[in-house]
Amino acid sequence: PIRWTVLAADAYFQYNPQAGAPPGYFDFTDFDWTSGETGPLFGAFGRVILERDGRTDAQGRATLNVPADLSDKGLSQIYTIEAALTDPAGGQQVAGRVQVTVHAGEFYVGVRPEQYVGTAGQPVGAQIVTVDWDSRPFPNQRLKLEFFDHQWNCALERDPDTGVNTWTCNAQDTLVDTAEVATGADGQARASFIPP
């Protein structure tokens with residue numbers, strides 16, 4: 001008898017520029033830092049997504065097919081797959097574990113601003129790069145960009161239950177502009193917008 005357990009944790013792409021890829025920092029994560037959602041906390045290997053019992057065959061082998069469904073995630077995942085068996089002779093449990101990255105796509109998109117402070121009415125640019133899983137340029141990709149005005153609306157409010165003043169913040173995003181670009185043979189492109 002064998003007991004399979006599969007756990008999933010968010011995978012964050014580690015950009016390590018290879019030949020032809022631009023050096024420096026690019027943001028490859030599409031994470032909403034203002035969502036306020038931290039979700040439940042799990043251990044280092046993430047949450048359990050599958051548990052199944054099975055049996056080894058006559059050669060002592062067993063196979064598990066794991067559906068790689070990322071439809072409810074915005075990030076690639078690291079699946080930790082564990083098989084646990086009990087030694088029939090001594091009753092001792094033996095386990096093996098492997099980790100597999102489930103990528104959300106064939107390539108990753110990185111963005112970095114050309115400046116961190118812009119002026120109304122003046123173009124603000126961004127550099128874009130598309131790279132494969134090994135940080136090599138992934139050329140000739142058509143991308144749609146959306147530029148947002150992100151505003152924090154914060155106020156000091158009194159908590160009715162405790163009577164203590166605390167800061168509460170609500171974020172508001174307003175679409176300012178869109179653009180379509182295609183990365184070149186080097187996997188790079190540039191886009192800009194004019195803030196109102």
Side-chain angles (χ1 to χ4, degrees), residues 6-39 42-50 63-82 97-119 122-150 171 173-196:
V6 181
L7 300 97
D10 290 342
Y12 296 95
F13 180 65
Q14 299 296 315
Y15 182 53
N16 181 19
Q18 300 302 309
Y25 175 79
F26 283 84
D27 192 341
F28 289 87
T29 306
D30 186 16
F31 182 78
D32 182 2
W33 295 100
T34 60
S35 68
E37 295 181 14
T38 57
F42 300 99
F45 297 109
R47 71 193 194 293
V48 175
I49 60 169
L50 178 73
T63 302
L64 175 70
N65 291 317
V66 180
D69 181 9
L70 303 181
S71 60
D72 65 337
K73 296 287 173 197
L75 296 170
S76 298
Q77 298 288 293
I78 295 176
Y79 282 8
T80 301
I81 304 168
E82 184 176 83
R97 177 183 297 152
V98 67
Q99 289 189 316
V100 178
T101 301
V102 181
H103 295 281
E106 290 185 61
F107 61 92
Y108 286 91
V109 179
V111 179
R112 74 172 163 207
E114 292 178 343
Q115 62 207 60
Y116 285 91
V117 177
T119 302
Q122 300 294 318
V124 174
Q127 295 176 0
I128 297 121
V129 64
T130 50
V131 293
D132 67 14
W133 302 343
D134 296 315
S135 298
R136 291 185 301 254
F138 198 92
N140 308 317
Q141 298 305 306
R142 295 191 56 76
L143 306 172
K144 179 181 178 183
L145 288 86
E146 296 178 329
F147 300 96
F148 287 89
D149 174 13
H150 181 82
D173 287 322
T174 305
L175 183 64
V176 173
D177 201 355
T178 61
E180 290 190 15
V181 299
T183 58
D186 59 359
Q188 298 178 54
R190 182 186 180 278
S192 67
F193 73 103
I194 297 176

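Only this structure's heavy atoms are used, side chains among them; waters, hydrogens and symmetry mates stay out.
Among residues two or more places apart in sequence or in another chain, the side-chain hydrogen bond (donor to acceptor under 3.5 Å, both in side chains) test is passed with Gln115 by none. Listed by chain and residue number, Phe28, Tyr108 satisfy the ring pair (Phe, Tyr, Trp, His ring centres under 6.0 Å) test with Phe13 (two or more places apart in sequence, or in another chain). In terms of the side-chain contact (heavy atoms from CB on, under 4.5 Å) criterion, residue partners of Ala104 (sequence neighbours excluded) are, by chain and number, Leu70, Ser76.
You'll find the side chain of Leu145 stays beyond 4.5 Å of the side chain of Val111, heavy atoms only. A heavy-atom distance below 4.5 Å is found between the side chains of Phe45 and Arg97. The side-chain heavy atoms of Ile194 and Asp177, taken from C-beta on, include no pair separated by under 4.5 Å. In this structure, Val131 and Arg136 have side chains that are not in contact, with every pair of non-hydrogen atoms separated by 4.5 Å or more. Between Val176 and Pro196, some side-chain heavy-atom pair lies under the 4.5 Å cut-off. Taking the side chain as every heavy atom from C-beta outward, Val102 and Val66 never approach each other to under 4.5 Å. No side-chain heavy atom of Gln127 sits less than 4.5 Å from a side-chain heavy atom of Gln188.
With values rounded to the nearest 0.5 angstrom, Tyr12 atom OH is found 10.0 Å from Ile78 atom CD1. Within the model, atoms CG of Leu75 and NE2 of His103 stand 13.0 Å from one another, a figure rounded to the nearest 0.5 Å. Residue Gln77 holds its CD atom at 11.5 Å from CG of Leu7, rounded to the nearest 0.5 Å. Atom CG of Asp132 and atom CZ of Phe107 lie 11.0 Å apart (nearest 0.5 Å). From Leu143, atom CG reaches atom OG1 of Thr183 across 6.0 Å, with rounding to the nearest 0.5 Å.
For Asn65 against Pro67, the heavy-atom pair with the smallest separation is O-CD, 3.9 Å. Of all the heavy atoms in Ala185 and Asn140, the pair that sits closest is N-OD1, 3.8 Å. What you find for Ala189 and Ala182 is that their closest heavy atoms are CB-O, 3.8 Å. Closest heavy-atom contact between Pro195 and Gln122: CD-O, 3.1 Å. Heavy-atom minimum distance, Val124 versus Gly118: CG2-CA, 3.9 Å. In plain terms, the two heavy atoms of Val129 and Pro22 that are nearest each other are CG2-CD, 3.7 Å.
Side chain of Glu146 to main chain of Lys144: no donor-acceptor pair is present (N/O by atom type, distance under 3.5 Å, no hydrogens or angles). Judged by distance alone, with hydrogens and angles left aside, the side-chain atoms of Ser135 form no donor-acceptor pair with the main-chain N or O of Gln18 at under 3.5 Å. The closest donor-acceptor contact from the side chain of Thr130 to the backbone of Phe138 lies under 3.5 Å.
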